[in-house]
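Here is the structure we will look at, set down as structure tokens.
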Number of protein chains: 2
Amino acid sequence: MRIGELSRRSGLSRDTLRFYERQGLIHSEPGAEATNSYRDYPEEALITLDQIADAQAAGMSIADLAMLMGQLQAADPDGFDGEAFLDARIAEVEARIARAERFLESLHQARAALAAPPVLL
Amino acid sequence: MRIGELSRRSGLSRDTLRFYERQGLIHSEPGAEATNSYRDYPEEALITLDQIADAQAAGMSIADLAMLMGQLQAADPDGFDGEAFLDARIAEVEARIARAERFLESLHQARAALAAPPVLL
DNA sequence: CAAAACCATGGAGTTGAGTCAACGGTTTTG
DNA sequence: CAAAACCGTTGACTCAACTCCATGGTTTTG
């Protein structure tokens, strides 16, 4: 599909999609027509974009993500310690989720306080 | 305590602390000595800073946080719908945590794949 | 087939969250 | 008491992640 459709279906702007592609997060093919230079994105780009959103919610930067995608499925044990890298990310994400859940809890408490009788004198 | 101590004990830079104070996230008193203009932070600032870190991990912006802190404990039902505001934040944070957990799961899977026998041919 | 809709590229601009540097005061310490 | 360590203010700067704009080519559509 072309960028306009991907934009509509993903909810991301064309600029964002091109930006992600420059950063190596998504990929396209040159497209069938030789007359133009339109990109052609595979259907699975939508899945990738959803995973990117997940990763961002978990606090990953785009640079981290590019590294993860590039290194991990490239199966290259040439000096790059994938296990250590993954373990570090896992620990980070777990810590972040724990913090977010603490915050969620305090939001719930604030909500309950608002719902309760406002003054007791 | 003065800013240097708060910085050491919180792990945040002095500049960050002053930045947070300008944004209204933490507060200080003018300090006892009239000869200087040093700020004096209460012990509880450390707790507040920890809560700020929680909130940031949950994806809250500093502006949102300032609004939350300012509006919520000010008990001002003058047009500001605290319940709706809180409900919206709660939904956001829950969605974010759900996404982060999906990502964590995929990290775990990637980790397991690395640990498993690399090739089976 | 012309107007509207779409696409690419390059580069500048924006926003949020800090960070740094310079300058001049104040405390602490050896 | 002087040097070192600390503090405040102002304003410029950085970095990540987008976002906008101008220009010019390509499809689609009424």
Side-chain angles (χ1 to χ4, degrees), chain A residues 1-42 45 48-69 89 92 96 99 103, chain B residues 1-42 45 48-69 89 92 96 99 103:
Chain A
M1 85 193 76
R2 303 211 288 222
I3 200 170
E5 186 183 346
L6 186 58
S7 171
R8 272 188 302 280
R9 293 174 62 189
S10 69
L12 298 169
S13 76
R14 281 184 265 274
D15 276 330
T16 296
L17 296 175
R18 284 192 274 252
F19 173 69
Y20 283 175
E21 188 165 6
R22 278 201 303 283
Q23 306 301 311
L25 299 188
I26 57 176
H27 304 281
S28 65
E29 274 151 36
E33 269 73 12
T35 62
N36 66 29
S37 56
Y38 292 2
R39 294 177 175 84
D40 186 30
Y41 295 94
T48 304
L49 289 171
D50 200 52
Q51 289 168 341
I52 291 171
D54 288 352
Q56 279 184 319
M60 300 282 293
S61 73
I62 281 180
D64 281 347
L65 246 114
M67 150 152 280
L68 231 148
M69 291 177 159
R89 300 305 120 182
E92 279 174 20
R96 184 173 281 256
R99 274 197 176 277
F103 180 66
Chain B
M1 85 192 76
R2 304 211 288 222
I3 200 170
E5 186 183 345
L6 186 58
S7 171
R8 271 189 300 282
R9 293 174 63 189
S10 69
L12 299 170
S13 75
R14 291 185 202 64
D15 276 331
T16 297
L17 295 175
R18 285 192 273 253
F19 172 69
Y20 282 176
E21 188 164 5
R22 278 201 302 284
Q23 307 300 313
L25 299 189
I26 57 175
H27 304 282
S28 64
E29 275 152 35
E33 269 74 11
T35 63
N36 65 31
S37 57
Y38 293 2
R39 292 178 177 86
D40 185 30
Y41 294 95
T48 304
L49 288 171
D50 200 53
Q51 291 169 341
I52 291 171
D54 289 352
Q56 279 185 320
M60 300 282 293
S61 72
I62 281 181
D64 281 347
L65 244 111
M67 150 152 281
L68 231 148
M69 291 179 159
R89 299 306 119 181
E92 279 174 20
R96 184 173 281 257
R99 274 196 175 278
F103 179 66

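We name chains A, B, ... by the order of the sequence lines, and we start the count at 1 in each one. Since the model is a prediction, treat every value here as computed from it, not as a measurement.
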Original post:
Mind checking whether A/T48 and A/Y20 have side chains closer than 4.5 Å, heavy atoms only?
Top reply: no
Original post:
When you measure from the side chain of A/I62, which nucleotide among D/dA17, D/dT19, C/dA8 comes out closest?
Top reply: D/dA17
Original post:
Between A/S28 (side chain) and A/R39 (backbone), is there a donor-acceptor pair under 3.5 Å?
Top reply: no
Subject >> Value in whole Å for how far the C1' atom of C/dG16 lies from CD1 of B/I52 >> reply: 15 Å
Original post:
From C/dG18, C/dA8, D/dT19, pick the nucleotide closest to the side chain of B/Y20?
Top reply: C/dG18
Original post:
What is the distance from CG of B/L17 to C1' of D/dC7, rounded to the nearest Å?
Top reply: 13 Å
Original post:
Counting any heavy atom closer than 4.0 Å, what does B/R18 reach on the DNA or RNA strands: base, sugar-phosphate only, or nothing?
Top reply: base
**OP:** May I ask you to verify if any side-chain N or O of B/R39 is less than 4.0 angstrom from the OP1 or OP2 atom of D/dT9?
**Re:** yes
Original post:
Can A/E92 and A/R89 be said to form a salt bridge (Lys or Arg N to Asp or Glu O under 4.0 Å), step by step?
Top reply: CA-CA 5 Å; A/E92 279 174 20; A/R89 300 305 120 182; 3.3 Å; yes
Subject >> Side chain of A/Y38 (C-beta onward), nearest among D/dG8, D/dC6, C/dC6 >> reply: C/dC6
Subject >> Whole angstrom value for the distance that separates C1' of D/dC20 from CG of A/L12 >> reply: 17 Å
Original post:
At under 4.0 Å between heavy atoms, what does B/E21 touch on the DNA or RNA strands: base, sugar-phosphate, or nothing?
Top reply: nothing
Original post:
Using a cut-off of 4.0 Å on non-hydrogen atoms, how would the nucleic acid contact of B/Q56 be classed: base, sugar-phosphate, or nothing?
Top reply: sugar-phosphate
Original post:
Taking atom P of D/dA16 as reference, at what distance in whole Å does atom CE of A/M60 sit?
Top reply: 15 Å
Subject >> Protein-nucleotide distance (A/N36, atom CG; D/dG24, atom C1'), rounded to Å >> reply: 14 Å
Original post:
A/S61 has a side chain; which of D/dC7, D/dT19, D/dA17 sits nearest to it?
Top reply: D/dA17
**OP:** Return no unless some side-chain N or O of A/S13 is found under 4.0 Å from OP1 or OP2 of D/dT19.
**Re:** yes
Subject >> For C/dG30, the Watson-Crick or wobble partner whose two distances fall under 3.5 Å >> reply: D/dC1
Original post:
What is the distance, rounded to the nearest whole Å, between atom CG of A/D64 and atom C1' of D/dA17?
Top reply: 14 Å
Subject >> Check: A/M1 main-chain N/O paired with A/D40 side-chain donor or acceptor under 3.5 Å >> reply: yes
Original post:
Between C/dT19 and B/T16, is there an OP1 or OP2 to side-chain N/O distance shorter than 4.0 Å?
Top reply: yes
Original post:
Can you check the A/F19 CZ to C/dA8 P distance for me, whole Å?
Top reply: 17 Å
Original post:
Can you tell which of A/L17, A/L6, A/I52 makes a side-chain contact (heavy atoms from CB on, under 4.5 Å) with A/L12?
Top reply: A/L17
Subject >> Spacing of A/R22 atom CZ relative to D/dA16 atom P, expressed in whole Å >> reply: 14 Å
Original post:
What nucleotide among C/dT19, D/dT19, D/dC6 has an atom nearest to a side-chain atom of B/D15?
Top reply: C/dT19
